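What you see is a predicted model; the values in this text were computed from it and never measured. As the structure lists them, so they are numbered: ligands from 1, and atoms in each ligand from 1.
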Amino acid sequence: MGLVDVTTPRKVVVLGSTGSIGVSTLDLFAQAQLDVEILALTAGRNVEKLAEQARRWRPRIAVIADPALLGDLRQRLAGSGIETAAGPDAVVEAAAMGADWVMSAIVGAAGLAPTLAAARTGAVIALANKESLVCAGPDLLAIARAAGGSVIPVDSEHSAIFQVLQRDCLDRVARLILTASGGPFRTWTLEAMAQATPAQAVAHPNWSMGAKISVDSATMMNKGLEMIEASYLFSTPQERIDVVIHPQSVIHSLVEYTDGSTLAQLGPPDMRSPISCAYSWPERLDWPAQRLDLAAYAQLTFEAPDHDRFPSIGIAREALRLGGGAPAAMNAANEVAVAAFLDHQIGFLDIAGAVAGTLERMNSLGDLATTGGDALDNALMTDVSARRIAAEVVGQVHRRN
Ligand code: NDP
């Protein structure tokens with residue numbers, strides 16, 4: 001990849017602009033005074049925030065995924081000259097407007113179709129939406145490559161690996177080591193975790209994130225999803241990807257080489273830093289980022305994950321071993337189970353049980369094989385059947401509780 005002139009004006013699209021990553025992205029644009037022309041901002045349902053962002057950032061179009069909210073959005077942007085649109089197809093069209101750089105920050109499998117559409121245009125994709133890689137990683141990467149674009153990870157762990165990976169000696173990489181904060185229940189007993197409430201699960205100790213990824217951090221399914229993401233992004237089998245708990249979230253991940261040398265990337269826990277990297281790579285932006293004060297931390301600590309209390313990493317390894325549609329099915333089942341937990345239908349420990357149960361049932365029915373053909377169709381078909389089975393599993397757990 002050649003050097004990027006970070007002062008050159010760029011056309012950008014921010015998918016999921018109203019979420020935690022979307023807001024950090026727009027904040028980075030302001031902090032780093034980037035010369036960006038925003039083609040589109042998109043949101044799911046938060047029409048008020050989308051309209052406020054649109055008035056501030058003047059995109060060509062503001063898109064709301066929920067079609068029922070189009071009238072409201074139009075009213076809020078009346079007289080602004082900003083176009084409006086609604087519905088999932090309009091989000092996909094926004095992704096394919098021909099931007100130089102697309103932030104993919106929709107949460108969940110809903111981000112897959114827009115991310116694939118952006119990949120087909122040859123844009124640089126800053127990928128926060130890890131679920132799209134989990135659902136269709138190899139296809140997404142191949143489509144981006146074929147179109148002359150690239151996928152740059154925004155997840156802090158993958159951004160770290162991306163930054164310390166020596167591309168001229170990939171065959172000398174021994175292990176990728178993903179760090180994990182351990183989430184809010186790192187020190188809780190299984191008995192206490194069984195009683196954990198949604199409010200406790202979304203209260204992450206280090207990062208301020210959307211509700212779904214916060215619950216994923218608490219179950220450590222986030223690390224499972226990230227393992228699959230890393231396996232696809234860096235063409236590394238799961239046997240050579242390890243997870244270490246590092247509660248301070250200062251070391252964002254590491255690459256161990258065959259000569260025993262291990263390279264790490266460090267920084268304060270602020271998502272604007274990996275977003276900045278994804279915007280300027282292989283250049284660097286100069287903006288008033290918070291700097292790391294190692295002495296203020298005094299201690300950086302590490303521990304092995306406890307797989308009895310946090311079975312999700314093992315479930316993700318199994319999904320990678322099964323291959324085919326298993327990662328997409330795991331992701332869909334997890335989305336259903338997390339939503340049921342946030343809705344007080346099932347307990348915290350039931351989330352991993354529901355995901356494992358869905359995978360088992362689909363595997364025994366032979367539903368995890370992929371048929372070749374279109375990446376999006378395959379992933380969506382698996383997604384739909386996994387959601388149906390996961391809803392049944394969740395319903396059984398709910399009735400039993
Ligand atoms: P949020 O829940 O804060 O934001 C999600 C965004 O997606 C919002 O703009 C939301 O709109 C939009 N959205 C939700 N549902 C749909 C839909 N069906 N169609 C279109 N848009 C939709 O999530 P985060 O910002 O925390 O996370 C976004 C992605 O980034 C996730 O994949 C997450 O795993 C990943 N990520 C997040 C990190 C973080 O620090 N937050 C770190 C690393 C990765 P609305 O506001 O209207 O609901």
Original post:
Under 3.5 Å, is there a donor-acceptor pair between the Q248 and H246 side chains?
Top reply: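 Yes.
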What donor-acceptor contacts under 3.5 angstrom involve side-chain atoms of residues 186-196, with partners at least two apart or in another chain?
| unit_1 | atom_1 | unit_2 | atom_2 | d |
| --- | --- | --- | --- | --- |
| R186 | NH1 | E303 | OE1 | 3.0 |
| W188 | NE1 | P184 | O | 3.4 |
| T189 | OG1 | A192 | N | 3.1 |

**OP:** Give the protein residues with at least one non-hydrogen atom closer than 4.0 Å to an atom of ligand 1, ordered by chain and number.
**Re:**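 Within 4.0 Å of ligand 1, protein side: G16, S17, T18, G19, S20, I21, A43, G44, R45, N46, A65, A105, I106, V107, A110, A128, N129, K130, E131, D155, M209, G210, I213, M271.
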Original post:
Does E335 use its side chain to pair, donor to acceptor, with the backbone of A109 at less than 3.5 Å?
Top reply: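 Pair found, side chain donor or acceptor close to backbone of A109.
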Subject >> Atom of F310, atom of A218 and distance for their closest heavy-atom approach >> reply: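 Looking at all heavy atoms of both residues, the closest pair is CE2-O, 3.2 Å.
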Subject >> Set of side chain to side chain donor-acceptor pair (under 3.5 Å) partners for D89, sequence neighbours left out >> reply: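 Per chain and number, D89 pairs via side chain to side chain donor-acceptor pair (under 3.5 Å) with no residue.
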**OP:** With sequence neighbours excluded, tell me which residues meet side chain to side chain donor-acceptor pair (under 3.5 Å) with D139.
**Re:**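 With neighbours one apart ignored, the set is empty.
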